[in-house]
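Quick note: residue numbers are just sequence positions, from 1.
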Amino acid sequence: MSQQDNQFRPIGIRQKFCFSCGPHVPCFNECCRDLNQFLTPYDVLRLARHLEMDPQDFLNTYTNRHTGPDTGLPVVTLRPAKDGQRCPFVTPEGCSVYENRPSSCRMYPLARMLRRSRENGRIEESYVLIQEDHCRGFECQTVMTPEQWVADQGLERYNELNDAMIEVISVKQQYLPGPLKSQTAEKLFYCLYDADAFKRDLSGQIGDECRKFGLCPDKAKRGDDEAVVRLAVKYAAGFLKNESAAAVND
């Protein structure tokens with residue numbers, strides 16, 4: 001679906017809209033095609049756990065790696081199925097990974113945007129309603145607000161962990177603008193997207209570097225997946241600052 005066929009309408013967090021999705025909607029599964037879907041580190045981990053795969057195996061099997069055109073950071077996209085641009089997890093009955101589907105799937109038909117306030121440094125969010133010509137979900141009578149939609153779709157945890165990446169992006173733009181060295185990009189990729197490898201390395205060099213950056217690796221070593229993701233993102237920001245300092249001293 002081309003961008004020209006879509007309507008993007010700003011919507012307040014408590015502003016009402018009508019939408020519903022499921023097998024009862026005539027266009028069911030249509031939004032799972034023609035994909036260019038980015039995955040966050042937390043998306044990758046949730047999907048890998050759902051499929052009972054090691055994160056590295058999941059990355060190799062289901063994703064493509066890129067460099068973010070705006071950030072210069074390593075990013076991953078979901079690799080479409082071989083028979084086209086459809087999601088590899090969609091079935092005639094719907095999403096086969098529904099309970100652990102990516103945050104962008106949960107958010108649709110909304111898009112959530114973030115900006116850091118220049119006045120107080122706080123993160124501010126805003127929403128846009130995406131109305132695609134093929135989507136029949138807007139014909140329903142189910143009334144929601146973005147605030148209710150976020151709660152209904154289980155997005156609070158996703159948003160919290162995904163928002164932490166803003167600090168990594170900010171540090172990258174401030175301290176290391178432009179392309180990253182291949183070795184730096186490789187380390188960032190594995191730290192952000194391979195949570196199991198990152199957790200294993202907390203007992204070694206990565207753990208030592210965490211302490212150097214003022215972070216405590218012990219809690220993440222004992223904690224759950226979310227604790228590991230939180231630490232990995234904080235580590236990535238500290239690592240980029242350290243790389244910048246090293247470049248200045250070279």
Fill in the blank from the handout: Residue set satisfying ring pair (Phe, Tyr, Trp, His ring centres under 6.0 Å) with F58, at least two apart, ordered chain then number -> Y62
Problem - Y158: ring pair (Phe, Tyr, Trp, His ring centres under 6.0 Å) partners, not counting sequence neighbours - result: Y42
Check: [X] side chain, [Y] main-chain N or O, donor-acceptor pair, under 3.5 Å:
X    : Y    : result
Q148 : T145 : yes
N29  : V90  : no
T61  : D57  : yes

Hey, does [Y] have a side-chain heavy atom less than 4.5 Å from the side chain of [X]?
X    : Y    : answer
I123 : R115 : no
M107 : N159 : yes
R9   : Q131 : yes
L47  : P102 : yes
T67  : V75  : no
L129 : P109 : yes
Y193 : L59  : yes
C210 : L231 : yes

Solution key, residues 233-242 side-chain donor-acceptor pairs under 3.5 Å, sequence neighbours excluded:
from: Y235; atom 1: OH; to: K187; atom 2: NZ; distance (Å): 3.2
from: Y235; atom 1: OH; to: E209; atom 2: OE1; distance (Å): 2.3
from: N242; atom 1: OD1; to: K212; atom 2: NZ; distance (Å): 3.3

Should we count [atom1] of [X] as having more than 12 external heavy atoms under 6.0 Å?
X    : atom1 : answer
R116 : CZ    : yes
E156 : CD    : yes
Q183 : CD    : no
Y98  : OH    : no

Exercise for the section: For the pair D194 and K199, find out whether any cationic side-chain nitrogen is under 4.0 Å from an anionic carboxylate oxygen. Expected result: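 Judged by the 4.0 Å cut-off on N to carboxylate O distance, D194 and K199 do not form a salt bridge.
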Practice task
Indicate yes or no: does R49 engage D196 in a salt bridge with an N to O separation below 4.0 Å.
Solution key: yes
Handout entry: T77-Q37 side chain donor-acceptor pair, cut-off 3.5 Å
Key = no
Could you pull out the closest heavy-atom pair between [X] and [Y], with the gap in Å?
X    : Y    : answer
C191 : A232 : O-CB, 3.3 Å
P80  : P88  : CA-CD, 4.4 Å
A48  : P55  : CB-CA, 4.0 Å
C140 : G137 : SG-O, 3.3 Å
C27  : H134 : CB-O, 3.4 Å
P146 : Q15  : CD-O, 3.2 Å

Exercise for the section: Decide yes or no on side chain to side chain contact (heavy atoms under 4.5 Å, CB included) for F38 and V76, but give the supporting numbers first. Expected result: CA-CA 6 Å; F38 289 85; V76 300; over 6 Å; no
Value rounded to 0.5 Å, distance of [atom1] in [X] from [atom2] in [Y]:
X    : Y    : atom1 : atom2 : value
L161 : D225 : CG    : CG    : 10.5 Å
L114 : E124 : CG    : CD    : 10.0 Å
C105 : L78  : SG    : CG    : 8.0 Å
L192 : L73  : CG    : CG    : 7.5 Å
I11  : I130 : CD1   : CD1   : 11.5 Å
N64  : R79  : CG    : CZ    : 4.5 Å

Handout entry: Steps toward salt bridge (charged side-chain N to carboxylate O under 4.0 Å, His left out) verdict (D163, R112)
Key = CA-CA 11 Å; D163 290 357; R112 178 173 176 263; 2.8 Å; yes
Tell me whether [Y] is reachable from [X] by hopping between hydrophobic residues (I, L, V, M, F, W, Y) whose side-chain heavy atoms are closer than 4.5 Å.
X    : Y    : answer
V25  : V143 : no
V150 : I13  : yes
F138 : F28  : no
I166 : V168 : no

Practice task
May I ask you to check whether F19 and W149 place their ring centres under 6.0 Å from each other?
Solution key: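 Centroid separation for W149 and F19: below 6.0 Å.
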Handout entry: Stepwise salt bridge (charged side-chain N to carboxylate O under 4.0 Å, His left out) test for E226 and R46
Key = CA-CA 10 Å; E226 293 172 10; R46 288 283 295 258; 5.1 Å; no
Exercise for the section: Could you check E30 against C135 for side chain to side chain contact (heavy atoms under 4.5 Å, CB included), going step by step and ending with a plain yes or no? Expected result: CA-CA 8 Å; E30 283 301 310; C135 184; over 6 Å; no
Handout entry: Test side chain to side chain contact (heavy atoms under 4.5 Å, CB included) applied to Q85 and N36, step by step
Key = CA-CA 8 Å; Q85 287 296 103; N36 182 23; 6.0 Å; no
Exercise for the section: List the steps, then state whether side chain to side chain contact (heavy atoms under 4.5 Å, CB included) holds for M144 with T142. Expected result: CA-CA 7 Å; M144 304 287 286; T142 303; 4.2 Å; yes
Problem - Aromatic F89 / basic R101 pairing, under 6.0 angstrom, 45° off normal - result: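 Output no; distance or angle outside limits.
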Exercise for the section: Could you give me the CA-CA distance, side-chain angles and deciding distance for Q205 and D201, then say whether side-chain hydrogen bond (donor to acceptor under 3.5 Å, both in side chains) is met? Expected result: CA-CA 7 Å; Q205 181 182 353; D201 285 353; over 6 Å; no
Handout entry: Stepwise side-chain hydrogen bond (donor to acceptor under 3.5 Å, both in side chains) test for E132 and Y108
Key = CA-CA 11 Å; E132 298 180 291; Y108 187 86; 2.4 Å; yes
